[in-house]
Amino acid sequence: PNLIVTNHDATMFPSIELPSSNPKHPKYLKFDRVLADVPCSGDGTARKNPNVWKDWSPQNALGLYITQVRILVRSIQMLKAGGRVVYSTCSMNPMENEAVVASAIERCGGISKVKLLSTDDQLPALKRSPGLNDWSIMARSGQIYESWPEAQQFEPEGSKVVPGMFPPEAEEKIPLENCMRVYP
């Protein structure tokens, strides 16, 4: 009775209205925990899945970023105050990991509303590395960009490269080192 398993487009997961005595102020189900294991490029599975190498390119993540952000934002929206989301991919690309986390936090009100907690004290035997705070983006053309202003100069209109793919500015103070990277 305390678990719901669903099969629905996670980017548009529906709100579940609860019975309420006041129809003018409906109440909606909020979750204590959400596990968002999102679709990804899968480049972190290359060790056990050699077929990944046939179709892999650094640009695979370009088409997934928006979907991943939408899923994580919807997961956060569906939490109770004090609830917890675990965001998970099997990708090593920071565009699918730290960039998505930073973008979702920004879209949900910033670090004053969404906390990115350290898990160093949990599962101490798990071998992991801290999240990245700096990375580059490779466009479909193969061009590598270090910042959004640089990409804006060269990327054509309609490019899949967008501002949120780049590391957040230092003044945003998003503690991406609290993300957990588990390498194969």
Side-chain angles (χ1 to χ4, degrees), residues 6-13 33-79 84-108 111 114-120 122-123 125-148 150-151 155 159-169 172 174-184:
T6 61
N7 182 10
H8 198 283
D9 180 349
T11 64
M12 302 181 299
F13 197 89
R33 306 280 188 265
V34 174
L35 171 60
D37 186 19
V38 302
C40 67
S41 66
D43 61 13
T45 67
R47 176 190 53 80
K48 68 178 184 178
N49 183 4
N51 291 331
V52 167
W53 290 112
K54 288 190 296 186
D55 299 320
W56 184 86
S57 87
Q59 296 87 17
N60 288 358
L62 290 173
L64 294 167
Y65 167 82
I66 295 295
T67 299
Q68 292 165 334
V69 171
R70 289 180 63 202
I71 290 171
L72 183 52
V73 165
R74 187 66 185 130
S75 298
I76 293 168
Q77 291 170 341
M78 297 190 76
L79 279 182
R84 180 174 293 194
V85 171
V86 173
Y87 172 80
S88 171
T89 72
C90 49
S91 170
M92 295 290 109
N93 192 331
M95 189 187 336
E96 296 183 75
N97 296 309
E98 289 89 349
V100 170
V101 169
S103 293
I105 288 171
E106 290 170 1
R107 290 180 187 195
C108 292
I111 59 171
V114 179
K115 307 269 186 262
L116 184 55
L117 301 174
S118 172
T119 57
D120 289 344
Q122 299 173 10
L123 302 171
L126 178 64
K127 292 180 182 171
R128 57 186 158 209
S129 296
L132 303 176
N133 284 297
D134 190 36
W135 59 87
S136 304
I137 300 298
M138 182 183 286
R140 292 208 184 278
S141 65
Q143 178 69 37
I144 296 175
Y145 300 114
E146 301 298 326
S147 68
W148 172 241
E150 181 186 1
E155 280 300 294
S159 167
K160 292 201 180 247
V161 176
V162 297
M165 293 176 174
F166 294 91
E169 299 296 323
E172 295 176 56
I174 298 175
L176 292 175
E177 63 279 359
N178 288 347
C179 292
M180 181 190 310
R181 293 186 143 256
V182 180
Y183 292 106

Would you call the rings of His8 and Phe13 parallel, tilted or perpendicular if under 30° counts as parallel and over 60° as perpendicular? perpendicular
What residues, two or more places apart in sequence or in another chain, satisfy salt bridge (charged side-chain N to carboxylate O under 4.0 Å, His left out) together with Arg181? Glu98
Are side-chain heavy atoms of Cys108 and Val73 found at a separation under 4.5 Å? yes
Any luck finding a side-chain donor-acceptor pair between Asn93 and Ser91 under 3.5 Å? no
Can you check side-chain hydrogen bond (donor to acceptor under 3.5 Å, both in side chains) on Glu96 and Ser41, steps first, answer last? CA-CA 8 Å; Glu96 296 183 75; Ser41 66; 2.6 Å; yes
Least distance between heavy atoms, Met95 atom then Gln68 atom: O-OE1, 4.4 Å
Please step through side-chain contact (heavy atoms from CB on, under 4.5 Å) for the pair Trp135 and Leu176, ending with a clear verdict. CA-CA 12 Å; Trp135 59 87; Leu176 292 175; 3.8 Å; yes
Which heavy atom of Asp43 sits nearest to which heavy atom of Met92, and what is that distance? OD1-N, 2.5 Å
Side chain of Arg128, backbone of Asp120: donor and acceptor closer than 3.5 Å? yes
So Ser118 and Glu177, side-chain contact (heavy atoms from CB on, under 4.5 Å) or not? Walk me through it. CA-CA 8 Å; Ser118 172; Glu177 63 279 359; over 6 Å; no
Flag side-chain contact, heavy atom, 4.5 Å: Leu72 against Ser103: no
So which atom in Ala36 and which in Ile71 form the shortest heavy-atom distance, rounded to 0.1 Å? CB-CG2, 4.2 Å
Provide the closest heavy-atom pair for Met180 versus Thr119 in the form atom of the first, atom of the second, distance. CE-OG1, 3.0 Å
Decide side-chain contact (heavy atoms from CB on, under 4.5 Å) for Glu155 and Tyr145; before the verdict, give the C-alpha distance in whole Å, the side-chain angles of both, and the deciding distance to 0.1 Å. CA-CA 10 Å; Glu155 280 300 294; Tyr145 300 114; 2.7 Å; yes
Going through the checks in order, is the side-chain contact (heavy atoms from CB on, under 4.5 Å) test met by Val161 and Leu62? CA-CA 7 Å; Val161 176; Leu62 290 173; 4.1 Å; yes
To the nearest 0.5 Å, what is the distance between CG (Asn133) and CD1 (Ile174)? 10.0 Å
Is any side-chain heavy atom of Leu116 less than 4.5 Å from a side-chain heavy atom of Ile111? no
Nearest-0.5 Å distance that lies between atom CZ in Arg107 and atom CD in Gln77: 11.0 Å
Any sub-3.5 Å donor-acceptor pair from Tyr65's side-chain atoms to Gly164's backbone N or O? yes
CD1 on Ile137 to CH2 on Trp148, rounded to 0.5 Å: 11.0 Å
Atom SG of Cys90 and atom CG of Asp37: how far apart are they, to the nearest 0.5 Å? 7.0 Å
dist Asn60:CG -> Met138:CE (nearest 0.5 Å) comes out at 11.5 Å
Measuring from atom OH of Tyr87 to atom CD1 of Ile76, what distance do you get when rounded to the nearest 0.5 angstrom? 10.5 Å
